[in-house]
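Okay, so here's the structure we're looking at.
Residue numbering restarts at 1 for every chain, and letters A, B, ... go by the order of the sequence lines.
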Amino acid sequence: MPEGHTLFRLAADFQRVFGERAVEASSPQGRFAESAASIDGRVVESAESAGKHLFVRFDDDQILHVHLGLIGAFAIGAGPPPAPVGAVRLRLVGPTSYADLRGAITCELISTDKLEQVLGGLGPDPLRSDADPDRAFARIRKSGKPIGALLLDQRVVAGVGNVFRAELLFRARLHPLTPGVRVSKRRWNGIWADLVDLMVRGVETGRIDTVRPEHVDHGGEVYVYRRQGRPCHVCSSMVRTQVLQGRNLFWCPTCQRRR
DNA sequence: TCAAGATGATCAG
DNA sequence: TGATCCTCTTGAT
């Protein structure tokens with residue numbers, strides 16, 4: 001479930017479990033064997049996330065860069081690790097816990113220069129206190145692309161995925177195909193504040209929970225994401241879907257009218 | 001039991 | 001735009 005809040009939690013978990021500790025590294029699947037050997041026995045100095053990227057810094061300045069992609073997962077477990085199940089690309093084992101990486105699209109060792117390069121390509125991350133929403137708006141206001149496409153562009157905002165996109169636009173009552181150039185500064189400021197709020201809550205709970213209490217009487221709900229053909233929680237219109245740039249878009253045709 | 005689709009991003013054409 | 005990476009869940013058979 002890798003959107004920005006997932007990576008933020010993962011980095012915090014890494015810091016708590018492996019921080020300041022030496023780890024054994026291996027690649028049961030074999031595809032990362034050489035790099036695993038290179039960090040085997042090193043001490044983890046720090047772990048942090050930026051958007052959907054995870055960076056783990058070791059005491060010899062090597063940096064592990066992981067991007068989970070659509071299907072990847074970095075599972076942390078307590079105690080001694082069991083025999084690897086499935087294609088475990090990287091396994092880290094510390095004194096009290098272990099972590100298994102599967103299915104990631106990126107798993108590599110990088111230098112500080114490359115780290116700067118990756119960070120430089122990302123828009124502001126709502127979970128970082130130094131994030132500047134105006135930097136994102138500067139791109140949005142001069143683009144004719146739909147706001148729904150711009151929100152998924154990691155150069156615009158780092159960490160937003162398909163769930164946050166769908167829910168943010170619903171909560172803002174904004175149609176996903178509205179061109180960026182038509183989104184006002186005031187509107188964007190509201191969306192950004194809502195995004196920060198939702199992602200911070202996502203970090204706390206580990207879930208994406210977006211429905212306001214007055215609209216549903218239990219938790220674990222979303223307004224439109226993957227609810228196509230089902231009634232909107234607010235107005236009972238049927239939620240719609242459409243593929244935009246290869247990704248599924250969801251919206252309520254009544255609450256999010258095209259202007 | 002098996003196929004399809006999914007919260008992502010890159011690359012070829 | 002479609003194929004690809006590669007894993008897991010869901011729903012159809």
Closest nucleotide of DNA chain B for A:Q154 versus for A:I71: which of these residues is on the 5' side? A:I71
Please tell me whether A:Q62 and A:S38 have a donor and an acceptor in their side chains that are separated by less than 3.5 angstrom. yes
Span that lies between the P atom of C:dG11 and that of B:dT7, in whole angstrom: 15 Å
With rounding to whole Å, what would you report as the distance between B:dG13 and C:dC5 at their P atoms? 15 Å
Ignoring hydrogens, what is the shortest heavy-atom contact between A:A99 and A:F14? Give both atom names and the distance. CB-CZ, 4.0 Å
For a quick check under 3.5 Å, do A:H65 and A:E108 share a side-chain donor-acceptor pair by atom type? yes
Out of B:dA6, B:dA9, C:dT7, minimum distance to the side chain of A:Y225 belongs to B:dA6
Report yes if a side-chain nitrogen or oxygen of A:K52 is closer than 4.0 Å to either non-bridging phosphate oxygen (OP1 or OP2) of B:dA9; otherwise report no. yes
A:R182, CZ atom: more than 12 neighbouring heavy atoms under 6.0 Å: no
Quick one: label A:A73 by what it contacts on the DNA or RNA (base, sugar-phosphate, nothing), any heavy atom closer than 4.0 Å. nothing
Contact nearer the 5' end of DNA chain C, comparing A:Q245 with A:V85: A:Q245
If I take atom CD1 in residue A:I105 and atom P in nucleotide B:dC11, what distance separates them, rounded to the nearest angstrom? 10 Å
How many Å lie between CD on A:E108 and P on C:dC5, as a whole number? 18 Å
Rounded to the nearest Å, what distance is computed from the CZ atom of residue A:F250 to the P atom of nucleotide B:dT7? 6 Å
State which of B:dT7, C:dT7, B:dA6 makes the closest approach to the side chain of A:R102. C:dT7
Nucleotide B:dT7, atom C1' - distance to CG of A:L168 in whole Å: 13 Å
Taken to the nearest whole Å, CZ/A:R226 to P/B:dT7 is 7 Å
B:dG5 to C:dT13 separation - P atoms, rounded to the nearest Å: 13 Å
Euclidean distance, atom CZ of residue A:R155 to atom C1' of B:dA9 [Å, nearest integer]: 11 Å
CG of A:L122 versus P of B:dA9: gap in Å, rounded? 9 Å
Atom-pair distance (CG on A:L152; P on B:dT7), nearest Å: 9 Å
According to a strict under-4.0 Å criterion, is A:N248 in side-chain N/O contact with OP1 or OP2 of B:dG5? no
Using a 4.0 Å heavy-atom cut-off, does A:R89 contact any base of the nucleic acid, only the sugar-phosphate backbone, or nothing at all? sugar-phosphate
Give me the atom names and distance for the closest heavy-atom approach of A:D100 to A:R91. OD1-NE, 2.7 Å
Complementary nucleotide for B:dA3 - Watson-Crick or wobble, under 3.5 Å: C:dT10
